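Notes follow the structure.
Side-chain atoms are counted along with the backbone in the values below, which use heavy atoms only and exclude waters and symmetry mates. Since this is a predicted model, take the numbers as computed values, not measurements.
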Amino acid sequence: MIEQNLQQAVAGALKRLYGIEVSPDTVVLQATKKEFVGDYTVVVFPYVKQARKSPEQVANELGAAVKETVAEVADFNVIKGFLNFSVDDAYWVRFVSDEAADPDFGITKPNPSASPVVVEYSSPNTNKPLHLGHIRNNLLGWSVSELLAANGANVKKVNLVNDRGIHICKSMLAWLRYGNGETPESSGMKGDHLVGKYYVEFDKHYKEEVSQLTAQGMDEEEAKKQAPLMVEAQQMLKRWEEGDPEIRDLWTKMNGWVYAGFDETYRKMGVGFDKIYYESNTYLLGKELVQKGLDMGVLFRKDDGSVWCDLTADGLDQKLLLRRDGTSVYMTQDLGTALLRHNDFGAEQLIYVVGNEQDYHFKVLKLILGKLGFGWADKVYHLSYGMVELPNGKMKSREGTVVDADDLIAEMEVTAEEMCRDHGKNDDMTPEQLKELYHDLAMGALKYFILKVDPVKNMLFNPAESIDFNGNTGPFIQYTHARIRSIVRKAEEQGVSLTASLAAPAALTDKERAVVKSLHDLPATLSAAAANYSPAMVANYAYDLAKNFNSFYQDTPILRETDANLRLFRVKLCALVSVALKNTLRILGIVAPERM
């Protein structure tokens, strides 16, 4: 790539001209600002003191030296201490010609023999259906996994299902109390929705009990502990951990309902996993690690029998690991799961995609793993992301104010169908093809709207804004891809071959050059996005590329171009844009339609 050539040439010129030795990769290249002429800019101020010359002198001397040694440099200019290089059109044309037929343009294939990077995402509880918050988690986890894989990493996608604990017992107890034997079959509800219904029922009746106790004069905090439903749920959890067959059978049945529902939602979202872990299988290993910590003196037991880790010397507080009745907490199973996952994969890195509400939890996890003597504790990375809110505020599962993932996807599909009908260009598609298109557009809108936001930021999701065919949306990029594929198909029908040899056009237009330079940036963009675990960088790249292409398309003849060589170049350019859009959309989990 031209960037490496320029960096090496600048480093060589610095040594020849001024005796300054620098590593080529430390020479910083920037895209030249739009108000100046050029493609790449080098800031020479870091070298002025050693060169003992003015910034303008250094820049002019470096520019002349680099132009002599790098054939691709057509010209340079100097604005104070900024050295701007213009790259010859022949380089950009050759780049397009060389890459146009490569379906993996921009992508580095994974190395299956490399130590894997394990990415955990989803991590649902089996007491409720997946909701909008889970959607961001799943889409971010999937996309980060694909992004790392596109940069050559051997990625393993895993899911930890929180299938045990007090929250699960709440749904189970409410179903026993108020369910009258209701099942997914008898109710016509998806299993995860049915179980979630009883989680809400528990909370409703529990609040009534707390209110009654406080009305009788009991302190509210004490009332929350002494409410009969909560006491019974705690007893149910203890019976579960003791292996009570009646409780275990109920747990197996209701979790089975939820898993069937989850699988359907995952299929709709287009996400999956290489391995699924279950908290019910990992918490016992966590308990063993707690005992190890007690034996090592790293952990301590309080008088009530509960087990803690003192992290005050680390700037935190004391962390509970086992309750006084011996039941485990989230941290217990996370310790066990981390060890199990490390042993299963020998991972290069363990990435947890979890909301920023759990920042403290993962600081504690790393600290405790380190104190237990696991040298790989520093491989644990918490990919923290912001919450998703709707225009009417934050969602609460136990109060039934969440937006279910299934309902949102169905709503998006209806909107996509309405948009397509208004667009009026799908009359030749079968009902099955239309249904698939509506789903692809709905998910493209949903995924892009969520993933284009920097993961660390909280976001407001607006379904209506997300599915517009214009503007910074998934459907806009999908439509651009479909338009380009139509152009390429027509070109091939006219006998234009993408493998045909290309002579350099006399000169590129500004809009052609803008598209080519966008394409040229793809490998570096994917590398930077992976380093920052940021699908948002990929999403915004895809939008900028689509926007540049549409600007080029609007006033540049392609198939109507009479110069055969120029027409071939523009068709190759179109083909490469379609590949770049398809590959970037694939990283985001978005289908790039061949026609719309």
Side-chain angles (χ1 to χ4, degrees), residues 122-135 137-138 159-209 227-269 271-273 276-281 283 395-411 413-414 439:
S122 197
S123 304
N125 298 328
T126 57
N127 63 329
K128 56 191 174 185
L130 302 176
H131 55 63
L132 179 56
H134 290 112
I135 287 179
N137 181 293
N138 279 275
N159 184 4
L160 172 65
V161 179
N162 299 300
D163 64 339
R164 58 161 296 283
I166 190 65
H167 48 295
I168 310 300
C169 290
K170 289 177 181 179
S171 293
M172 292 164 57
L173 179 57
W175 184 83
L176 283 175
R177 286 281 193 94
Y178 318 113
N180 297 316
E182 186 177 30
T183 67
E185 291 75 21
S186 69
S187 65
M189 294 178 69
K190 277 181 78 225
D192 50 338
H193 287 256
L194 179 64
V195 173
K197 168 185 170 182
Y198 287 100
Y199 184 59
V200 175
E201 279 293 306
F202 178 95
D203 190 65
K204 182 178 71 174
H205 290 280
Y206 170 61
K207 284 180 176 177
E208 291 173 358
E209 291 183 348
L229 271 174
M230 182 59 73
V231 171
E232 191 171 351
Q234 293 283 5
Q235 291 171 347
M236 180 179 279
L237 176 59
K238 194 168 188 305
R239 288 173 63 192
W240 183 93
E241 292 208 4
E242 291 170 351
D244 183 299
E246 181 182 353
I247 299 301
R248 287 288 180 127
D249 286 347
L250 174 62
W251 170 78
T252 300
K253 176 170 66 176
M254 293 184 69
N255 273 354
W257 295 344
V258 174
Y259 297 147
F262 283 174
D263 287 345
E264 185 178 337
T265 308
Y266 287 141
R267 179 187 57 76
K268 290 177 184 176
M269 284 195 287
V271 303
F273 312 94
I276 298 178
Y277 293 87
Y278 298 91
E279 183 182 344
S280 56
N281 295 330
Y283 82 103
M395 303 175 293
K396 295 180 180 178
S397 296
R398 63 180 176 273
E399 296 179 8
T401 60
V402 301
V403 175
D404 289 331
D406 298 308
D407 295 340
L408 179 59
I409 292 171
E411 176 188 333
E413 288 174 341
V414 170
H439 177 75

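Taking Lys253 as the reference, nothing meets the salt bridge (charged side-chain N to carboxylate O under 4.0 Å, His left out) condition, with sequence neighbours excluded. Every ring-ring contact (aromatic ring centres under 6.0 Å, His included) that Tyr278 has, sequence neighbours left out, goes to Tyr259.
Between Pro184 and Gly191, the shortest heavy-atom contact is CG-CA, 3.8 Å. When all heavy atoms of Glu182 and Ser187 are compared, the closest pair comes out as OE2-CB, 3.2 Å. The two residues Pro129 and Gly196 come nearest to each other via the heavy atoms CD-CA, 4.0 Å. Between Thr126 and Phe262 the shortest heavy-atom distance is CG2-CE1, 4.3 Å. In plain terms, the two heavy atoms of Cys169 and Ala233 that are nearest each other are CB-O, 3.8 Å. When all heavy atoms of Tyr198 and Ser171 are compared, the pair lying nearest together is CB-O, 3.8 Å.
In this structure, the separation between OH on Tyr266 and OG on Ser122 is 2.5 Å, given to the nearest 0.5 Å. Taking CZ of Arg248 as the reference point, atom CD of Glu241 lies at 8.0 Å (rounded to 0.5 Å). Atom CG of Leu176 and atom CD1 of Ile247 lie 7.0 Å apart (nearest 0.5 Å). Between the NE2 atom in His193 and the CH2 atom in Trp257 there is a gap of 14.5 Å [rounded to 0.5 Å]. In this structure, CD1 in Ile409 is found 6.0 Å from NZ in Lys268, a value given to the nearest 0.5 Å. How far CG of Leu130 is from CG of Asn138: 6.5 Å, rounded to the nearest 0.5 Å.
In this structure the side chain of Trp175 reaches within 4.5 angstrom of the side chain of Leu250, judged on heavy atoms.
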Begin with the C-alpha distance, continue with both residues' side-chain angles, and end with the deciding distance and a verdict on side-chain contact (heavy atoms from CB on, under 4.5 Å) for Arg177 and His205.
-> CA-CA 10 Å; Arg177 286 281 193 94; His205 290 280; over 6 Å; no
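Between Trp240 and Tyr283, the ring-plane angle classifies as tilted under the 30° and 60° cut-offs. Using a 30° and 60° split on the angle between ring planes, His134 and His131 fall in the tilted class, from 30° to 60°.
Arg239 and Glu246 are joined by a salt bridge, as a carboxylate oxygen and a charged side-chain nitrogen come within less than 4.0 angstrom of each other. Using a cut-off of 4.0 Å between Lys/Arg side-chain N and Asp/Glu carboxylate O, Lys204 and Glu201 are scored as salt-bridged. Ionic pairing of Lys207 and Asp203 is present here: one or more N-O contacts between side-chain nitrogen and carboxylate oxygen are shorter than 4.0 angstrom.
Between the Glu232 side chain and the Leu173 main chain, no donor and acceptor come within less than 3.5 Å of each other. Asn162 contributes a side-chain N or O that, together with a main-chain N or O of Ser123, makes up a donor-acceptor pair within less than 3.5 Å. Although no hydrogens or angles enter the test, the distance criterion places no donor-acceptor pair under 3.5 Å between the side chain of Asp404 and the main chain of Asp407. The backbone N or O of Ser280 sits less than 3.5 Å from a side-chain atom of Asp163, completing a donor-acceptor pair.
Each of Leu194, Ile168, Val195, Asn127 was scored for a side chain to side chain contact (heavy atoms under 4.5 Å, CB included) with Val258, with one residue passing: Val195.
With no hydrogens or angles considered, a side-chain donor-acceptor pair links Asp406 and Thr265 at under 3.5 Å.
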